[in-house]
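First the proteins, then the strands, lettered A, B, ... as listed; each starts at 1. Values in this document were obtained by computation on a predicted structure and should not be read as measured data. Keep in mind that the numbers below use all heavy atoms, side chains included, and drop hydrogens, waters and symmetry copies.
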Amino acid sequence: MRDPYSVLGVSQNASDEEIKKAYRELARKYHPDNYQNNPLADLAEEKMKEINEAYEAINKQRSSGGGSYQQSGSNYGGGYQQQSSYSSSTPTYARVRNLINAGDLGTAERLLYEVSQKDGEWYFLSGSIAYRKGWLDEAMQNYTLAVQMDPGNMEYRQALNMLQQRGGGYRPYGYTNTVDGLDCCTTMLCLNCLCGGGNC
Amino acid sequence: MFGYVRPVRQELKCGEFDLYRATYCGLCRCLRRRYGPVAPMFLSYDLTFLALLLWEPEESFQPCSGRCHANPLIKKPMCPSALALDRAADASVILTWWKLKDSQRDDGLVGGMPARALAGVLYPSYHKAAKKWPEFDAMTRICLEELSQREEERCSSIDRTADTFARILQAAVPEGWEQQRILGQLLYHLGRWIYLVDARDDLEEDKKAGRYNPLQVRYGPQGDDDALALTLDQSRVLMGAALQLGEFGCRKPILENIIYLGLPLVERAVFDGSWAQIKKQKIWSNRQ
């Protein structure tokens with residue numbers, strides 16, 4: 001295992017408060033919400049696991065050393081299992097879900113197109129396939145139809161909300177909402193003098 | 001290429017700006033060494049981004065300098081030779097070539113004359129680049145053929161048309177490359193973003209010329225900037241999510257600057273029409 005301090009990006013002499021802050025920032029970055037249905041979700045999950053383990057290891061070390069550690073109980077985790085907690089209404093849909101999770105979009109799509117009755121879940125799954133491919137406009141259209149057909153379903157609603165949220169996702173400190181604070185004209189001018197152009 | 005992918009200078013630290021410039025100049029030198037005097041034709045900010053992205057993660061950057069091609073009397077900070085620069089240079093030549101071919105086809109027999117003349121000049125470079133990286137050349141050709149098919153059938157899905165272009169950029173990560181999945185996902189959405197922003201930029205012109213524009217077919221003749229902004233935003237969020245999973249060492253702040261600040265600004269300028277103006281006044285200003 002990597003040194004837990006370097007996993008969190010802090011020095012060995014960092015205070016408990018600094019460690020907590022670093023942990024929180026990383027957990028915010030790799031939070032399952034940011035990687036829902038993302039083809040890279042497995043990599044984010046690994047990162048999250050590594051961070052959780054590092055944080056726990058440091059806390060353990062420090063508490064056994066008589067430090068000022070208090071049980072925080074604020075570990076983020078488990079969120080990545082969320083996906084499987086939803087159940088499908090038919091065995092075909094269950095198979096499609098598994099295929100999507102495994103990244104086999106071609107087979108998932110074929111299987112889905114064999115279903116003749118298109119209900120809310122059909123459109124939801126169709127939207128999920130589109131999302132996985134990066135086809136965000138089609139994903140939005142399909143999720144919208146799914147919510148219209150089955151307004152009470154929280155899973156469909158959540159998926160649609162995630163897509164409708166502007167400025168969603170993680171942004172590092174210093175990049176949050178800065179764009180609106182920048183004056184477009186002057187910024188663009190600066191951007192233009194970049195590099196002395198093609199003369200170099 | 002298009003020049004949409006660039007950092008916001010005032011938000012870069014001095015060292016980061018130096019590194020960006022050294023990469024740009026390094027790419028220019030690399031192009032010159034590989035493709036001779038026509039090299040500056042291939043140089044772009046977009047491909048500088050690719051070079052930064054493909055570079056092996058390094059903790060710190062050791063600047064070294066080289067003589068500038070345009071003015072050999074001065075020395076400029078330049079990145080040393082690297083595989084990332086070679087790949088970006090080859091990709092640059094291949095993309096420029098196919099873009100030229102594309103405009104030749106669009107502009108017809110008479111209008112396409114300048115493009116054809118230029119193609120004659122650039123052919124040897126293209127031939128060389130395609131030999132160095134045949135997979136990328138093949139992918140670009142296949143995807144552009146698909147794209148023109150979509151255009152002919154006046155495809156109403158912006159995702160499907162953008163997908164053809166996005167897959168080209170996705171292929172700009174060589175097979176077996178470190179972090180291939182992460183970089184591929186990032187570049188896919190960069191390609192999608194570039195294609196859609198370019199379509200928005202061309203909306204008026206295409207309307208006048210009666211040419212196909214995916215946004216017009218999807219949203220109607222006036223387009224729909226709110227809907228488009230939302231989907232572009234999602235692509236940028238996915239680029240950011242991919243970026244955060246990779247290791248980029250000292251280049252990460254520049255990449256973050258480009259994705260979180262540069263792209264939204266350019267997008268906004270394209271939307272409010274100031275981009276065309278800025279494009280005209282600018283790019284090769286002489287300020288050092």
> Which bit of A/Met162 comes within less than 4.5 Å of chain B, counting heavy atoms only: side chain, backbone, both or neither?
Replying inline: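 Neither part; nothing is under 4.5 Å.
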Any side-chain to backbone donor/acceptor pair from [X] onto [Y]? Under 3.5 Å, distance only.
X        : Y        : result
B/Arg192 : A/Gly134 : yes
A/Tyr30  : B/Gln244 : yes
B/Gln234 : A/Leu163 : yes

Name the region of [X], side chain, backbone, both or neither, that has any atom closer than 4.5 Å to a heavy atom of chain A.
X        : value
B/Lys252 : side chain
B/Ile182 : both
B/Gln185 : side chain
B/Ala229 : both
B/Arg236 : side chain
B/Arg181 : both
B/Arg29  : neither

> Counting heavy atoms not belonging to B/Glu178, are there more than 12 under 6.0 Å from its CD?
Replying inline: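 Incorrect, the count does not exceed 12.
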[atom1]-[atom2] distance between [X] and [Y], expressed to the nearest 0.5 angstrom:
X        : Y        : atom1 : atom2 : answer
A/Tyr131 : B/Asp159 : OH    : CG    : 12.5 Å
B/Leu245 : A/Lys29  : CG    : NZ    : 9.0 Å
A/Leu136 : B/Thr231 : CG    : OG1   : 4.5 Å

How close do [X] and [Y] get, counting heavy atoms only, and between which atoms?
X        : Y        : result
B/Tyr188 : A/Trp135 : OH-NE1, 3.0 Å
A/Gln164 : B/Leu230 : O-CD1, 3.6 Å
B/Ala241 : A/Tyr35  : O-OH, 2.6 Å

> Is it true that A/Lys133 and B/Asp163 have a side-chain N and a carboxylate O under 4.0 angstrom from each other?
Replying inline: no
